[in-house]
Amino acid sequence: MRLTNQTQVTEFLLLGLSDDPQVQQLLFILFLGVYLVTVTGNLLLVSLVHLDSQLHTPMYFFLCNLSLADLCFCTNIVPQALAHLLSRKKVISFARCAAQLLLFLIFGCTQCALLAVMSYDRYVAICSPLYYPSIMTWKVCVQLAAGSWTSGILVSVVDTTFTLRLPFRGSNSIAHFFCEAPALLILASTDTCTSEMAIFLMGIVILLIPVSLILVSYGHIIPEEQGCEGSSEESSHKKFPMPAWDLPLTLSSETLLASYLYLLDSPLPDESK
């Protein structure tokens, strides 16, 4: 790859998930199917909310923001992964890798923050229904959504900066199908403890705190729902329409948390040789 220990890496080789052509074909079909379903579902949801005035509520406003973040999150990764599954040259430039890392973190972190906001919205709607209209005004909703995107951007900039400031002068082979911080830190040619600690702290802020808030919110919501079992089933569904969508996404946040918090236990490049 024309690389030496004194030459800064200008491109990375994405090793992907498998070298077997048949497995790659199966992965291509799987990824393409999931991506099309994701794009179609998110676009339909946003379009439906936009066209139906009855869905112009805080809950669906936040859900549209979540769908937009999820759509961008997938589009940042999957199309390139699909192209590489059909290509022998699975390389990505340093600049494109940096952009992919930054966008991956922005949309992923924003989703985590939005999930916490959505759980708070459901908490207010169920535990304080009389005060809900005065608390969750459109101004507050816009501020909460903007805060979620802003926090995602800030955390992502910090993580990306601490990752890409490191010198990459050795191997340029990334054991993944896209650029992410853990895979890049392994390739760094210097000590990564400071970068790992910074990413760990940002992970606490943007992942652990939202997950904790979600669990606390549902810890209040579920007993409240159980206490209202005597009420009509229709009323209950109107008050609590979100858990089937929100809780699985919470689990995905915990998966992201585990992925990034394992960094402190990862061996440094020098230690693994």
Side-chain angles (χ1 to χ4, degrees), residues 1-4 7 9-45 66-109 111-112 159-160 163-164 168-189 244-245 248-263 265-269 271-273:
M1 300 297 294
R2 297 178 299 177
L3 295 173
T4 67
T7 302
V9 170
T10 59
E11 64 180 17
F12 293 101
L13 174 65
L14 297 173
L15 300 180
L17 299 175
S18 175
D19 293 330
D20 190 329
Q22 293 183 343
V23 175
Q24 289 182 351
Q25 291 177 2
L26 293 176
L27 289 174
F28 179 86
I29 296 173
L30 177 62
F31 278 29
L32 180 60
V34 172
Y35 180 65
L36 291 177
V37 170
T38 300
V39 171
T40 303
N42 284 323
L43 290 178
L44 285 177
L45 176 62
L66 187 66
S67 294
L68 177 61
D70 184 51
L71 178 62
C72 295
F73 181 87
C74 295
T75 303
N76 177 50
I77 297 173
V78 179
Q80 177 191 268
L82 292 174
H84 283 176
L85 286 172
L86 299 178
S87 173
R88 292 185 177 180
K89 188 179 180 181
K90 299 177 176 60
V91 297
I92 182 172
S93 67
F94 189 93
R96 287 184 60 190
C97 183
Q100 186 179 65
L101 173 63
L102 177 62
L103 294 176
F104 163 77
L105 291 171
I106 288 176
F107 299 128
C109 293
Q111 288 183 71
C112 294
D159 282 4
T160 303
T163 300
L164 298 181
F168 297 92
R169 299 192 180 92
S171 172
N172 68 334
S173 298
I174 298 178
H176 215 321
F177 60 92
F178 70 97
C179 294
E180 68 166 358
L184 287 171
L185 288 179
I186 295 175
L187 303 180
S189 305
W245 295 2
L249 289 171
T250 303
L251 295 178
S252 70
S253 299
E254 293 176 338
T255 302
L256 285 172
L257 175 63
S259 174
Y260 278 88
L261 295 190
Y262 95 95
L263 285 171
D265 295 328
S266 301
L268 295 176
E271 296 172 348
S272 61
K273 294 181 180 179

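Everything numeric in this text was worked out from a predicted model, so none of it was measured.
Of the residues Phe104, Phe178, Tyr35, Phe107, the one that meets the ring-ring contact (aromatic ring centres under 6.0 Å, His included) test with Phe73 is Phe104.
Put simply, NE2 on His176 and CD1 on Ile77 are 8.0 Å apart, with the number rounded to the nearest 0.5 Å. Atoms CG and CG, on Leu187 and Leu13 in that order, are 10.5 Å from each other to the nearest 0.5 Å. Separating the CG atom in Leu102 from the SG atom in Cys179 is a distance of 12.0 Å, to the nearest 0.5 Å. The line from SG of Cys72 to CD1 of Ile106 is 10.0 Å long, rounded to the nearest 0.5 Å. The line from CD of Glu180 to OG1 of Thr163 is 10.0 Å long, rounded to the nearest 0.5 Å. Atom CD1 of residue Ile174 and atom CD1 of residue Ile92 lie 7.5 Å apart, to the nearest 0.5 angstrom.
Closest approach of Phe177 and Ala81 over heavy atoms only: CD1-CB, 3.8 Å. Contact between Cys74 and Pro79 at its shortest, heavy atoms only, is O-CD, 3.6 Å. When all heavy atoms of Leu164 and Ala98 are compared, the pair lying nearest together is CD1-CB, 3.1 Å.
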Under the criterion side chain to side chain contact (heavy atoms under 4.5 Å, CB included), I'd like the reasoning laid out for Leu17 against Phe31: C-alpha separation, chi angles, the key distance, then a yes or no. CA-CA 12 Å; Leu17 299 175; Phe31 278 29; 3.8 Å; yes
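Using a 4.5 Å cut-off on side-chain heavy atoms (C-beta onward), Thr38 and Leu71 make no contact. Counting only heavy atoms from C-beta outward, the side chains of Leu101 and Cys97 never approach each other to under 4.5 Å. Between Asp70 and Gln111, the closest side-chain pair of non-hydrogen atoms falls below 4.5 Å. A heavy-atom distance below 4.5 Å is found between the side chains of Gln80 and Leu14.
A donor-acceptor pair under 3.5 Å is formed between the side chain of Asn172 and the backbone N or O of Glu11. Between the side chain of Ser87 and the main chain of Lys90, no donor-acceptor pair closer than 3.5 Å is present. Of the possible polar contacts, none joining the Gln24 side chain to the Leu86 backbone as a donor-acceptor pair under 3.5 Å is found. When atom types are taken as modelled, the side chain of Asn76 and the backbone of Gln100 share a donor-acceptor pair closer than 3.5 angstrom.
Within a 6.0 Å radius of CG in Asp19, other residues, nucleotides and ligands contribute 12 heavy atoms or fewer.
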